[in-house]
K.L.:
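Just passing along the structure, written as structure tokens.
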Amino acid sequence: MEAFPGLIDCHVHFREPGLEHKATIASEASAARSGGVFVCCEMPNTTPPTNSIERLKDKVERADHARDVCDVRFFFGATVHEHLAELEQLLSDPSLASLRRHCCGLKLYLDNSTGDMKSEDDVTEAAFALCGKYSFPLVAHCEHAGTNDRCSCIPYTNAASHSERRPAISEVTSIREAISRAEKHNTPLHIAHLSTAEGMRCVKDARERGVKVTCEVTPHHLLLTVADYDTLGGRGKVNPPIRYSDDQELLWDGVIDGTIDCIATDHAPHLLSEKDTTDGMPPSGLPGVEVSLRLLLSIALGHWPHPTTKPPASALKLTTEMIRRLMFTRPNEIFDLHASDAPAIRIDKQGSYTITNENQKTKCGWTPYNGWEVKGDFSLI
Ligand code: DOR
Ligand code: ZN
Ligand code: ZN
């Protein structure tokens with residue numbers, strides 16, 4: 001009987017404090033666990049953002065009661081130099097060592113997304129230098145303001161037009177800039193939610209030159225394409241956007257050949273009342289923490305779960321060993337999480353399961369994979 005350790009999702013948004021109408025640490029910790037995810041790395045774009053020692057402490061205390069359900073670690077955020085000064089204190093003051101263990105890295109937004117946490121050039125440069133100095137993971141949300149068309153007078157009339165306004169070149173330009181800063185400062189750089197084949201090539205080339213760069217891809221960029229906007233509408237709006245099938249196919253090649261280090265969901269709960277708004281401006285983001293293992297397990301067992309598309313050539317080469325590397329071994333190494341590798345999830349290869357909005361535990365109560373039938377099932381040991 002095959003078993004996995006409790007898995008790691010190194011990119012989630014749990015919304016607490018400040019956005020508890022969408023989700024809470026407790027609600028999303030139980031969603032994660034039901035999906036076989038025992039450790040999550042949570043992003044700083046809450047209200048207020050996690051950009052000081054005090055605010056980090058507050059989140060760690062909030063997560064205390066949920067730790068047996070899911071061990072939530074937190075990314076620090078920075079938009080101005082004062083935030084970096086706080087981070088340097090966290091990294092250097094021995095009396096903060098126990099708090100430091102709950103902080104998995106620094107997250108920088110190189111363009112605005114949910115939370116408007118874009119860091120300006122001089123702060124970005126200083127952040128790469130600081131993380132290089134302490135060999136501390138720096139996760140970059142790579143979109144480039146100069147190549148995004150964000151004219152605020154034109155609403156995003158639908159999710160498809162959102163894809164056109166945040167084109168592939170936006171991600172690629174931003175990844176190139178981030179890599180050159182990492183190279184200069186010897187920063188351990190991790191590219192969040194890689195969505196383009198060209199961006200992946202940049203990562204691969206840089207790594208071959210000896211740059212310390214790793215990357216993750218989301219289940220939605222592996223499973224969905226722009227064709228899904230027809231059914232998802234505003235629910236499919238996400239940053240970076242769902243892409244065309246040529247990017248999707250090449251990302252799968254990267255999953256199979258090991259260029260992609262991690263699969264992380266970018267679990268970003270928003271209420272359906274917000275996503276289905278008729279004002280043309282739904283918020284960006286999709287939930288995913290509790291379904292990623294189900295989706296990947298199905299593919300590893302030979303069943304592509306998308307109801308209307310064919311699998312990219314590489315996808316069906318996925319194995320359960322690869323899932324273990326992508327959702328446990330690599331995130332555990334990259335973010336130095338010291339997660340337990342004891343068997344925790346018993347895989348049932350003969351089982352099956354239907355993903356529905358109704359069986360989601362996330363507080364937002366929906367999934368972009370509503371109605372999808374997956375092969376395989378699992379239970380917690
Ligand atoms: O689509 C997104 N949603 N992308 C992000 O970078 C943030 C996330 C969120 O927090 O909703
Ligand atoms: Zn992001
Ligand atoms: Zn995110």
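What's counted below: heavy atoms across the whole structure, side chains too, no hydrogens, waters or symmetry copies. This structure is a prediction, so every number in the text was calculated from the model and none was measured. We count ligands from 1, going down the list as the structure has it; atoms in each ligand are counted the same way.
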K.L.:
Please state which protein non-hydrogen atom is closest to atom 11 (O) of ligand 1 and give its distance, to 0.1 Å?
P.N.:
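Residue, atom and distance for the closest contact: R15 NH2, 2.8 Å.
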K.L.:
Looking at the rings of Y109 and H141, which for Trp means the six-membered one, are their centres under 6.0 Å apart?
P.N.:
yes
K.L.:
Provide, to 0.1 Å, the distance between atom 3 (N) of ligand 1 and the closest protein heavy atom, together with that atom's residue and name.
P.N.:
S284 O, 3.0 Å
K.L.:
Aromatic contact between F75 and F335, with the criterion being ring centroids under 6.0 Å apart: yes or no?
P.N.:
yes
K.L.:
For the residue pair T196 / D247, report whether a side-chain donor-acceptor contact shorter than 3.5 Å exists.
P.N.:
no
K.L.:
If you check every N/O/S atom of D266, which is the one nearest the Zn ion (ligand 3)?
P.N.:
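The D266 atom nearest to the Zn ion (ligand 3), restricting to N, O or S, is OD1.
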K.L.:
State whether the number of non-hydrogen atoms from other residues, nucleotides or ligands found under 6.0 Å of K204 atom NZ is greater than 12.
P.N.:
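No, because the 6.0 Å sphere around NZ of K204 holds 12 heavy atoms or fewer from other groups.
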K.L.:
Is there a heavy atom of K237 sitting under 4.0 angstrom from any atom of ligand 1?
P.N.:
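Per 4.0 Å heavy-atom rule, K237 does not contact ligand 1.
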K.L.:
Quick one: do D341 and R324 make a salt bridge, cutoff under 4.0 Å?
P.N.:
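A salt bridge is absent here (no side-chain N lies under 4.0 Å from a carboxylate O).
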K.L.:
Measuring to the Zn ion (ligand 3), does H11 have an N/O/S atom at a distance below 2.8 Å?
P.N.:
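Here the distance criterion (N, O or S atom, under 2.8 Å) is met by H11, so yes.
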K.L.:
Does K361 have more than 12 heavy atoms from other residues, nucleotides or ligands lying within 6.0 Å of its NZ?
P.N.:
no
K.L.:
For G285 and ligand 1, does the shortest N/O to N/O distance drop below 3.5 Å?
P.N.:
yes
K.L.:
Is the Lys NZ or Arg CZ of R294 less than 6.0 Å from the centre of F378's six-membered ring, within 45° of the axis?
P.N.:
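Positive - R294 is close enough to the ring of F378 and near enough to its axis.
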K.L.:
For H141, what is the atom name of its N, O or S atom nearest to the Zn ion (ligand 2)?
P.N.:
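Minimum-distance N/O/S atom of H141 relative to the Zn ion (ligand 2) is ND1.
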K.L.:
Using a strict 4.0 Å cut-off to heavy atoms of A268, name the atoms of ligand 1 that fall inside it.
P.N.:
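In order of numbering, the contacting atoms are 3 (N), 8 (C), 9 (C), 11 (O).
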K.L.:
So if I count the atoms of ligand 1 from 1 in the order they appear, which ones are less than 4.0 Å from some heavy atom of H270?
P.N.:
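Selected atoms, number and element: 11 (O).
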K.L.:
Using heavy-atom distances only, which candidate in N112, L19, N45, D266 approaches atom 10 (O) of ligand 1 most closely?
P.N.:
N45
K.L.:
Can E198 and R176 be counted as an ion pair, charged N to O under 4.0 angstrom?
P.N.:
yes
K.L.:
Would you indicate whether the side-chain heavy atoms of K363 and P269 approach each other to under 4.5 Å?
P.N.:
no
K.L.:
Below 4.0 Å, non-hydrogen atoms only: which portion of M43 touches ligand 1? Side chain, backbone, both or neither.
P.N.:
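Neither; nothing of M43 gets under 4.0 Å from ligand 1.
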K.L.:
With respect to the Zn ion (ligand 3), what is the nearest N, O or S atom of H13?
P.N.:
NE2
K.L.:
Look at atom 8 (C) of ligand 1 and say which protein heavy atom is nearest, naming residue and atom and giving the distance to 0.1 Å.
P.N.:
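The closest heavy atom on the protein side is T114 OG1, 3.7 Å.
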K.L.:
Side-chain donor-acceptor pair under 3.5 Å between T50 and K59, yes or no?
P.N.:
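Distance-only check passes for T50 and K59.
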K.L.:
Between the candidates D111, L286, N239, which shows the shortest non-hydrogen contact distance to atom 1 (O) of ligand 1?
P.N.:
N239
K.L.:
Which ligand 1 atoms are under 4.0 Å away from a heavy-atom of V238?
P.N.:
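Result: 1 (O).
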K.L.:
List the closest protein heavy-atom neighbour of atom 7 (C) of ligand 1: residue, atom name, distance to the nearest 0.1 Å.
P.N.:
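Result: S113 OG, 3.5 Å.
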